[in-house]
Amino acid sequence: MNCIKSCPTEAMRVIEGKIRILSEICISCGECLRRCPHRALLPEDDDWDYILSKRPMAVVTDPCFCAQFSWPPIPSLTAHALFELGLEPIFEEYEAAYDVAAVAAARAIKNSPETAKPLISTYCPAVVRLIQIKFHELIPHLAPVENPLETSIDLWRARTKKREPVTLVSPCPARIAMVRSPVGRDVSSAEYVISTSKLAREVLIGSGDPSKKVTIDSSTETPRWIAWAKTGGESMHVRAFSNQPVRTLEVDGLRNVISLFQEMELGKLRGIDYVEARACDLGCIGGIGNAESRFLSRIKIDNVKMSFNITEQYKKELEALYHAKVWMLRDEIVPIEQMPLGEDLVKAMEKLKQLHAVYAELPHLDCGTCGRPSCRVMAEDIVRGEGSLDDCIFRLKSRIADLSREIYELSKRLVHTMTPEGK
């Protein structure tokens with residue numbers, strides 16, 4: 001029951017002792033993985049040995065990957081370790097991809113009417129899918145900005161003219177879903193995906209500490225895109241690339257995100273321009289697929305030097321990228337409708353009445369022993385023919401008690417031939 005009660009969209013069931021996940025309403029947030037003490041659930045990434053067989057392989061890593069090791073989160077150090085494994089990181093494209101995303105978000109804020117604010121970041125795939133499923137009214141508030149990781153692959157392919165497969169290194173199931181079932185585009189630019197912990201382990205085993213092999217000047221600045229690994233990094237980037245004051249709000253942790261969106265639906269966030277929402281605690285460094293403690297990762301990122309000063313020449317390059325619209329989502333983000341009770345409206349209304357009648361028969365305790373996260377969900381399953389009232393332990397016990405009393409009463413009755421005279 002730990003996993004099914006933790007799912008924010010009620011996408012999990014336990015039927016006949018086996019987990020069943022409704023993929024159409026799963027947001028890949030990883031909450032079930034966090035709650036399971038037995039590791040019965042694991043991220044569905046690709047086979048690491050297969051990816052190694054494809055070397056040399058281009059890899060794109062989430063910024064949090066650079067903070068998974070004992071050495072400072074400096075991309076050149078991480079790149080050296082990856083090169084020694086026969087992998088080609090495409091860090092060179094990150095600066096332009098993340099900068100143009102920040103520019104696009106800042107201009108979207110500037111050009112949006114107050115009624116469309118606050119805009120919501122689309123960087124976290126789990127947050128976007130949560131809005132698609134549970135908060136349809138907030139879909140117009142989503143910023144039309146592509147994930148910079150996807151943009152970096154597109155820029156790398158445009159520069160190198162290479163068409164070889166790319167592997168995304170993911171800190172969470174949501175990034176895995178970004179490759180398998182992307183939002184805002186038909187197909188992801190990455191072909192494979194593996195978890196951060198797998199690659200981090202290979203780096204530590206295969207190449208060791210690159211800071212002992214590569215000399216880094218103490219005055220070296222860390223690229224500003226590293227800040228996106230923690231909560232607040234994106235907002236800081238957007239504010240730095242805006243030519244007007246931007247009021248941002250940062251929230252992390254799925255329960256906090258849901259609470260904030262509920263308040264936003266009620267119109268309580270007036271005066272805020274931009275919401276940076278992350279499903280994981282402290283941001284991407286808190287992803288379930290990471291190897292390092294999120295607290296240690298945050299300290300490492302907080303202690304590096306970053307600069308938001310850019311040259312006039314680079315401003316022109318960013319402007320060209322912005323007008324080329326490499327940052328823009330290719331498809332419109334649309335709501336994901338919950339499973340209907342029936343395609344025909346009349347039949348659906350009839351089933352809705354049945355649902356209310358079944359729900360009234362249930363104890364409304366939402367205990368989860370039936371394998372459903374709530375009595376309401378169980379009533380829906382029963383109406384769809386995927387369960388029965390006897391699945392409820394309280395209903396079952398009540399029925400057993402009634403049968404016991406009936407059997408007891410029947411056992412006291414005697415047939416006529418055994419009844420004493422006069423009775």
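Bear in mind that the values here come from a model prediction, so they are computed numbers and not experimental data. Quick note: numbers below take in every heavy atom, side chains included, and nothing from hydrogens, waters or symmetry partners.
Side-chain polar atoms of Glu202 and Trp48 form a donor-acceptor pair below 3.5 angstrom. With hydrogens and angles left out, the side-chain atoms of Arg239 and Thr248 include a donor and acceptor closer than 3.5 Å. Side chains of Tyr192 and Asp45: a donor-acceptor N/O pair is absent below 3.5 angstrom, by distance only.
Nearest heavy-atom pair across Ala126 and Cys29 is CB-CA, 4.1 Å. Looking at every heavy atom in both residues, Ser189 comes nearest to Val166 through O-CB, 4.5 Å. Contact between Phe65 and Ala200 at its shortest, heavy atoms only, is CE1-N, 3.9 Å.
Counted within 6.0 Å of CD on Glu44, heavy atoms from surrounding residues, nucleotides or ligands total 12 or fewer; the atom is thus considered open. Counting heavy atoms of neighbouring residues, nucleotides and ligands inside a 6.0 Å radius, atom CZ of Arg399 does not exceed 12 of them. The local environment of CD in Gln244 is crowded, with over 12 non-hydrogen atoms from other residues, nucleotides or ligands closer than 6.0 Å. For Met328, the CE atom counts as densely surrounded, since its 6.0 Å shell holds more than 12 non-hydrogen atoms of other residues, nucleotides or ligands. No more than 12 heavy atoms of other residues, nucleotides or ligands shown are found within 6.0 angstrom of CZ on Arg39. Shown here is Glu265, whose CD atom has more than 12 heavy atoms of other residues, nucleotides or ligands within 6.0 Å.
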Just do the side chain to side chain donor-acceptor pair (under 3.5 Å) check on Ser152 and Glu150 with the steps written out, would you? CA-CA 5 Å; Ser152 65; Glu150 296 276 13; over 6 Å; no
Determine, stepwise, if the pair Glu24 / Ile133 fulfils side-chain contact (heavy atoms from CB on, under 4.5 Å). CA-CA 9 Å; Glu24 59 269 23; Ile133 292 172; over 6 Å; no
Kindly indicate, with the supporting measurements, whether the criterion side-chain contact (heavy atoms from CB on, under 4.5 Å) is fulfilled by Ile120 and Tyr274. CA-CA 6 Å; Ile120 303 172; Tyr274 196 68; over 6 Å; no
For Thr231 and Asp252, run side chain to side chain donor-acceptor pair (under 3.5 Å): C-alpha distance rounded to whole Å, both residues' side-chain angles, the deciding distance at 0.1 Å, then the answer. CA-CA 7 Å; Thr231 304; Asp252 55 39; 2.8 Å; yes
When you look at Lys305 and Thr222, which way does the side-chain contact (heavy atoms from CB on, under 4.5 Å) test go after all the steps? CA-CA 6 Å; Lys305 301 176 183 177; Thr222 299; 6.0 Å; no
Before giving the answer on side-chain contact (heavy atoms from CB on, under 4.5 Å), spell out for Leu269 and Leu249 the whole-Å C-alpha distance, their side-chain angles and the decisive distance to 0.1 Å. CA-CA 9 Å; Leu269 294 189; Leu249 189 154; 4.3 Å; yes
Salt bridge (Lys or Arg N to Asp or Glu O under 4.0 Å), that's the test. Do Glu319 and Lys316 meet it? Break it down for me. CA-CA 5 Å; Glu319 196 67 24; Lys316 293 179 181 179; over 6 Å; no
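Within the 3.5 Å criterion, the main-chain N or O of Ile109 finds a donor-acceptor partner in the side chain of Lys117. Listed for the Thr160 side chain is a donor-acceptor partner under 3.5 Å among the backbone atoms of Trp156. Checking side-chain atoms of Glu276 against main-chain N and O of Gly232 turns up a donor-acceptor pair under 3.5 Å. Of the possible donor and acceptor atoms, one in the side chain of Arg372 sits under 3.5 Å from a partner among the backbone N and O of Cys370. A donor-acceptor pair under 3.5 Å is absent between the side-chain atoms of Ser398 and the main chain of Phe394, judged by distance alone. Side-chain atoms of Arg157 come within 3.5 Å of backbone atoms of Glu164 as a donor-acceptor pair (strictly under, hydrogens ignored). Between the Arg270 side chain and the Gly267 main chain, a donor and an acceptor come within less than 3.5 Å of each other. The backbone N or O of Pro118 sits less than 3.5 Å from a side-chain atom of His141, completing a donor-acceptor pair. Between the side chain of Thr9 and the backbone N or O of Ile25, at least one donor-acceptor pair lies under 3.5 Å. Panel note: side chain Gln132, backbone Val334; a donor-acceptor pair is recorded below 3.5 Å.
Between Asp154 and Arg185 there is a salt bridge, since a side-chain N of the basic residue sits under 4.0 Å from a carboxylate O of the acidic one. Comment: Asp46 engages Arg180 in a salt bridge, judged by a side-chain N to carboxylate O separation of less than 4.0 angstrom. At a threshold of 4.0 Å, the pair Lys300-Glu292 counts as salt-bridged, since one of the basic side-chain nitrogens sits closer than that to a carboxylate oxygen. A salt bridge links Glu386 to Arg20: at least one charged side-chain nitrogen sits closer than 4.0 Å to a carboxylate oxygen. A salt bridge links Arg13 and Asp381; the closest N-O separation between the charged side-chain nitrogens and carboxylate oxygens is under 4.0 Å.
Judged by the 6.0 Å distance and 45° axis criteria, Arg224 is not positioned over the aromatic ring of Tyr98. Geometrically, Arg175 engages Tyr123 in a cation-pi contact defined by less than 6.0 Å to the ring centre and at most 45° from the axis.
Atom OG1 of Thr196 is separated from atom CG of Asn290 by 5.0 Å, given to the nearest 0.5 angstrom. His364 NE2 to Leu362 CG: the interatomic distance, rounded to the nearest 0.5 Å, is 6.0 Å.
Taking the six-membered ring for Trp and thresholds of 30 and 60 degrees, Phe308 and His237 have ring planes more than 60 degrees apart, a perpendicular arrangement.
Applying side chain to side chain contact (heavy atoms under 4.5 Å, CB included) to Leu321 and the options Val103, Thr151, Val100 leaves one that passes, Val100.
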